[in-house]
Structure formats: C-alpha cells, structure tokens
There are 2 protein chains.
Amino acid sequence: MPTTLDYEGMLRSARLRVTRPRLGVLAAVHNLPHADTEAIIDAARTSLGDVSHQAVYDVLRALTAAGLVRRIQPTGSVARYDSRAADNHHHVVCRSCGAIADVDCAVGHAPCLTASDDHDYLIDEAEVTYWGLCPACRFAA
Amino acid sequence: MPTTLDYEGMLRSARLRVTRPRLGVLAAVHNLPHADTEAIIDAARTSLGDVSHQAVYDVLRALTAAGLVRRIQPTGSVARYDSRAADNHHHVVCRSCGAIADVDCAVGHAPCLTASDDHDYLIDEAEVTYWGLCPACRFAA
DNA sequence: CCGATTTTCTTGAATGAGTCAAGATCTCAC
DNA sequence: GTGAGATCTTGACTCATTCAAGAAAATCGG
C-alpha cells in the first residue's frame, strides 16, 4: 500500500503539481479497485473534507492523461478507474452485478496484441474484456 | 445486401413481431456499419417518415436482446450497433476520429477466449478492442 | 523568502444520451 | 374478425459528465 509520500513522488515524476485533491484522489483509486467516479468523490471527501466534484473529474482526467491511472468503461457502465496503469492487464466483468476483476495477460504469447487484419490502423493497444458471471451471481442464480 | 423480406424473416426467426419501425431500424443498422443511435434514428426517419426516438431505443434493445444486432460502446463513445452479431469478431477504434473497423478473430487459435486466471467467473464472451490511428488520421498528423 | 505566472480548484449552470411512464395503436393467434 | 398482449407515441425526467468564470494555490526566478 503506497504512502502519501509515494503518491507525491508519482505526481512529481509525471510533472504534475502536488495538490491535496490529487493526493486524495490518487489514494482513493489505489484503495478502491475499479471504483467509479462517485465512489472516488466520496472517498476523497472522507479523507480531505470538501472537494468539489469538478475537481475530482479534472484530477482523474489529468491522472489518466499522465498514465498514473487507467480509465475503463465496460459497455453499460459508468467510467471506472484502475490503479494498475503500467501493465497491460485485462478485466472480467460480471454481466449480472457489474463486479470487475483483473486478469493478467498470459505471459509468453501476447495473442491479443496483433489483429488478424489491422485495416492499416496503427495499433498501439489491445484491450480485452471478458464477460460472464461472478461466483456470487452464479450461486445466486 | 438483405432485402425487406430478409429483415422480416430475421424478425420472425427471433420471435419478434414485425413492425415498420423494426424493419427500418434493422435496415439502418445493416446500411450504416457501426452507426450510433442518432444516425440510426435519422436513417429510420428517412425511410419510414416519423418514428419516435423512444421507439428506436426500444427496437435497438429488442434486437440486441434477440441477438440480431450487437451493441458496442468503446470507452468515450456513445452506443453503436453492429449488424454482424453472430460471429465473434472484434473492432479497431481510431483514437483520433473514432472510426471503427471490423477485425476477424484469427482462426485456429482463439487466444482471446481464455483468461489466464478467470477468478471463478463463468466467462461466455471475450471482447477485444484494438486502439490506434486510422489511415486518414495517421497521414493528417 | 516573495511576488509573478500559470495551473488548478470552486461554484453554479448546462448538455445530452438514455430512461421512465401512461395511454394509444398495432400484431398476431385463435 | 376479435381479443390479449406487445409495441409505439408523447413528453417529462435522470444523471454522468462537461463548460465557464473567477478565486486560490503551486512552482519558479530572483
């Protein structure tokens, strides 16, 4: 679990100014995996006191642009944020309750990175989303 | 290019009632690959005259549930619809202009269908989205 | 340390895709 | 042809996200 000092270092490395809202949001994204914006706003307010929702939106955009967090948005879901931004991992999404879990790229054969016909697009990322039922929803059904 | 009769057959095969809005929307999805809802509404109105936007939303949901069209929604985009619903193909999305092209699953090794660790989810689909720049945007840059 | 500069945050309003609800209309099985 | 149930129309509404303008704070050169 990174400390406030670590978060400050991350921001500086990314050439971003260090502000309280940014530290709070960065901590929230690390503490709440795959949280949506509202949950992040709540968490930030708990740790910081007042923070405008607009500030959180701005911070999340800045952090995403800087590569410190990754924004994901499965079909039918609001935007969610992932603290594992560096590695190219993927996600499993529950069709029933929307729960999200991480899935590592199978090492050795990165099959998902090459398209069979790239249509002359210059591809820089392959995003994989697995759809199914999480354990809880399987047993509830 | 399917005819109105073909569309009628598709609807009946899916146990859906045959109505003018449904025929118009189905034709629009086939004529406009990867169109968003607004484009489909426009196309439907051109061919049918008045159709409420609510009817188009309802029809698209019914067609999606029946498996006649596929709904896709890349991060940061509004919902789009794909007439190739049966095969499990994927998409390349241009980061700059949002253009979408189809990418077939490489035959023989369906790598994208198995997660390295499924977290006990019951996975039924793997969705792959390739991100990059389309030819037009590459040359414009 | 201090002011200047530029970024970032606050406040408050607006946008727009998508949904909800109630009643009218149409499809289809009989 | 007729009835039951699905589907469409109209119109209002939700809510995640964005826009705008000014206030506050972070960094940098001195």
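Side chains included, hydrogens not; waters and symmetry mates left out as well; all remaining heavy atoms used. Chain letters run A, B, ... following the sequence lines, proteins first, then strands; residues in each count from 1.
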Per the salt bridge (charged side-chain N to carboxylate O under 4.0 Å, His left out) rule, what does the pair list look like for residues 24-34 of chain A, sequence neighbours excluded?
none
Euclidean distance, A:L23 CG relative to A:M10 CE, rounded to 0.5 Å
10.5 Å
Listed once per pair and sorted, the salt bridge (charged side-chain N to carboxylate O under 4.0 Å, His left out) pairs that draw on residues 18-35 of chain B, sequence neighbours left out:
none
Side chain to side chain contact (heavy atoms under 4.5 Å, CB included) filter on A:S13, not counting sequence neighbours, yields none
Tell me whether B:T64 contacts the main-chain N or O of B:L60 through its side chain, where contact means a donor paired with an acceptor under 3.5 Å.
yes
Taking five pairs at each end, how big is the angle between the two axes of the helix from C:dC1-D:dG30 to C:dC30-D:dG1, to 10°?
50°
So which protein nitrogen or oxygen atoms get under 3.5 Å of nucleotides 26-30 of chain C's nitrogens or oxygens?
from, atom 1, to, atom 2, distance (Å)
C:dT27, O2, B:R17, NH1, 2.9
C:dC28, OP1, B:R12, NH1, 3.4
C:dC28, OP1, B:V18, N, 3.0

5' to 3' contact window, DNA chain D with chain B (heavy-atom distance under 4.0 Å)
D:dG5 to D:dG11
Residues A:D42 and A:R45 bridged, charged N to O under 4.0 Å:
no
Walk me through whether A:Y81 and A:I72 qualify under side chain to side chain contact (heavy atoms under 4.5 Å, CB included).
CA-CA 6 Å; A:Y81 293 87; A:I72 58 180; over 6 Å; no
Contacts of B:D58 meeting salt bridge (charged side-chain N to carboxylate O under 4.0 Å, His left out) (sequence neighbours excluded), chain-then-number -> none
Residues within residues 62-70 of chain A bordering DNA chain C, heavy-atom distance below 4.0 Å
none
So, are B:D120 and A:R138 salt-bridged, with charged N and O less than 4.0 Å apart?
no
For B:E38 and C:dA17, give me the distance from atom CD to atom C1', rounded to whole Å.
10 Å
Per the salt bridge (charged side-chain N to carboxylate O under 4.0 Å, His left out) rule, what does the pair list look like for residues 66-83 of chain A, sequence neighbours excluded?
none
Treating B:E127 as the side-chain partner and B:H90 as the backbone partner, does any N or O pair qualify as donor plus acceptor under 3.5 Å?
no
Once side chain to side chain contact (heavy atoms under 4.5 Å, CB included) is applied, do any residues pair with B:A65, and if so which ones, sequence neighbours excluded?
none
Cluster link B:V18 to B:L26, ILVMFWY, side chain under 4.5 Å:
yes
Using modelled atom types only, decide if a donor and an acceptor are shared between the side chain of B:E125 and the backbone of A:Y130 within a distance under 3.5 Å.
no
Using a strict heavy-atom distance below 4.0 Å, which residues from residues 44-58 of chain B are in contact with DNA chain C?
B:H53, B:Q54, B:Y57
Among residues at least two apart in sequence or on other chains, which ones pass ring pair (Phe, Tyr, Trp, His ring centres under 6.0 Å) with B:H91?
B:H34, B:H89
